[in-house]
Structure formats: structure tokens, C-alpha cells
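Throughout, residue positions are numbered sequentially from 1 according to the sequence presented.
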Amino acid sequence: MPHTDPTAELHEVIYVSTLAPDAPTSVIADIVGKARLHNPWLGITGLLIFDGMRFCEQMEGSQKDVLAQLARIRQDTRHINLRVVHQGPLAVRRFRRFSLGYTTLDDDDALGRLEALTGQDFLVTLGRPDAWRTVFRPARGPACGDRSEKL
């Protein structure tokens with residue numbers, strides 16, 4: 001049974017980070033698997049994007065739960081250089097159909113473009129209805145796990 005407050009306002013955090021140099025890319029399956037198991041209990045949904053070296057994750061849920069999850073991710077030694085690029089209230093969930101969507105990218109520079117955005121430019125870019133499809137072009141082929149959603 002989830003321990004989240006169903007009346008809590010939605011909050012989102014979007015961060016970028018880099019896979020630690022000593023971490024093999026095979027850890028991604030473990031990260032995704034554990035998140036998909038635990039996120040429903042926390043009332044967290046979102047999307048994880050990985051380009052072979054960098055991560056971008058959007059998490060949504062109650063502010064308390066999302067910030068607690070972010071604190072756990074900051075302590076995870078498989079990530080380095082974690083930087084929150086946006087956080088704030090969210091009117092409606094973007095990724096409500098699953099606890100964690102996951103995709104990889106063919107476009108090696110997509111996360112670099114995201115990292116370069118700041119302030120209003122970031123909010124305007126990702127605030128567009130087609131933002132997740134235009135900023136991030138998913139790799140062809142299956143994503144990790146069977147619960148990926150079309151961007």
C-alpha cells in the first residue's frame with residue numbers, strides 16, 4: 001500500500017547526471033528495475049533517459065517524496081555531477097501510465113543541449129506539448145523493460 005498523501009500537490013524535479021567512470025552501463029537495468037518496484041509505493045512517476053554516458057530524469061509526485069528520492073539519488077555512487085535543471089509545482093502528471101519510463105538516445109548531443117538550457121529557456125523548451133519528443137529523439141529499438149511509453 002503506498003504511503004503517499006493523495007491530497008498533496010504535484011511537484012516535479014528534472015535533473016541531469018553522468019554515469020560514474022567505474023560504473024558499467026549494465027547498472028542501468030538495476031536502476032530502472034528498482035525504481036519501477038519502489039516508485040509506485042512512493043507515488044512517483046517519471047521518465048529516465050540515458051545516452052550511454054549521461055542521465056536525465058523527470059520525477060513527479062508529492063514534493064516530500066520527490067525530494068526524498070532526489071536525496072537518495074544524490075547519494076548513489078553510480079551518478080556523478082548531478083545537477084537539478086528544474087523543480088517546481090506541476091499541474092498534471094506527464095508520465096502517469098508507469099512508475100518509470102525509460103529510453104535511450106541515438107542523438108548523443110540531446111542531453112548536452114538540455115544541460116545548456118537555463119532558467120526561462122529551459123521552462124519554455126520543456127513546457128511545449130511536444131517538448132519531450134523534440135528535445136529527445138529516442139533510439140530505435142526496444143527500451144529497457146516492457147513499460148516504455150512513446151515520447
Side-chain angles (χ1 to χ4, degrees), residues 1-19 28-74 76 78-79 81-151:
M1 185 82 170
H3 63 77
T4 60
D5 176 0
T7 64
E9 290 186 24
L10 282 176
H11 188 79
E12 75 175 332
V13 168
I14 301 172
Y15 72 86
V16 292
S17 66
T18 304
L19 182 66
I28 307 309
D30 183 54
I31 290 170
V32 172
K34 286 182 179 172
R36 286 179 172 167
L37 181 66
H38 293 108
N39 283 0
W41 294 101
L42 299 172
I44 293 175
T45 56
L47 175 68
L48 177 66
I49 299 168
F50 183 62
D51 72 359
M53 184 177 83
R54 293 174 293 195
F55 298 94
C56 176
E57 184 173 11
Q58 187 269 359
M59 294 184 291
E60 52 198 25
S62 75
Q63 183 175 14
K64 176 184 169 191
D65 291 329
V66 168
L67 294 180
Q69 182 70 353
L70 180 64
R72 285 188 288 277
I73 292 168
R74 285 186 187 278
D76 187 335
R78 298 172 292 190
H79 295 262
N81 304 324
L82 188 145
R83 182 172 69 93
V84 173
V85 293
H86 169 73
Q87 72 169 307
L90 182 65
V92 295
R93 288 185 188 265
R94 292 187 175 121
F95 303 103
R96 64 186 171 276
R97 292 193 299 206
F98 45 75
S99 59
L100 182 68
Y102 171 73
T103 192
T104 58
L105 298 174
D106 281 338
D107 183 348
D108 292 339
D109 196 41
L111 295 183
R113 288 192 306 273
L114 179 67
E115 286 179 304
L117 297 174
T118 58
Q120 191 63 28
D121 289 337
F122 179 85
L123 294 176
V124 167
T125 299
L126 289 186
R128 293 189 325 247
D130 66 341
W132 291 99
R133 285 186 293 274
T134 57
V135 175
F136 304 112
R137 292 182 290 275
R140 295 196 186 340
C144 180
D146 61 357
R147 289 187 252 171
S148 295
E149 179 171 309
K150 290 182 181 178
L151 296 177

Legend entry - Flag, side chain of R36 to backbone of L100, donor-acceptor distance under 3.5 Å: yes

Legend entry - Nearest-0.5 Å distance, OG1 of residue T18 to CG of residue N81: 5.0 Å

Legend entry - From I14 atom CD1 to R83 atom CZ, the distance as rounded to the nearest 0.5 Å: 11.5 Å

Inset, instruction - Work out which heavy atom in L67 is nearest to a heavy atom in V13; give both atom names and the distance. - result: CD2-CG2, 4.0 Å

Inset, instruction - Measure across N39 and S99 and return the closest heavy-atom pair with its distance rounded to 0.1 Å. - result: ND2-O, 3.2 Å

Inset, instruction - Enter the distance from R94:CZ to L47:CG here, rounded to the nearest 0.5 Å. - result: 10.5 Å

Legend entry - Step-by-step side chain to side chain donor-acceptor pair (under 3.5 Å) determination, Q58 to E12: CA-CA 7 Å; Q58 187 269 359; E12 75 175 332; 2.9 Å; yes

Inset, instruction - Name the orientation class of the two ring planes belonging to H79 and F55 (parallel below 30°, tilted from 30 to 60°, perpendicular beyond 60°). - result: tilted

Inset, instruction - Kindly indicate, with the supporting measurements, whether the criterion side chain to side chain contact (heavy atoms under 4.5 Å, CB included) is fulfilled by I28 and Y102. - result: CA-CA 10 Å; I28 307 309; Y102 171 73; 3.2 Å; yes

Legend entry - Sub-4.5 Å side-chain heavy-atom contact between Q87 and L70: no

Inset, instruction - Measure the CD1-CG distance between I31 and L19 for me, rounded to the nearest 0.5 Å. - result: 7.0 Å

Legend entry - Pairing of K34 and D30 as salt bridge, 4.0 angstrom limit: yes

Legend entry - Whether E60 side chain and F95 backbone form a donor-acceptor pair below 3.5 Å: yes

Inset, instruction - Could you grab the distance from atom OG of S62 to atom CD of Q69, nearest 0.5 Å is fine? - result: 11.0 Å

Inset, instruction - Starting at CG of L48, measure out to CE of M59 and round the result to the nearest 0.5 Å. - result: 10.0 Å

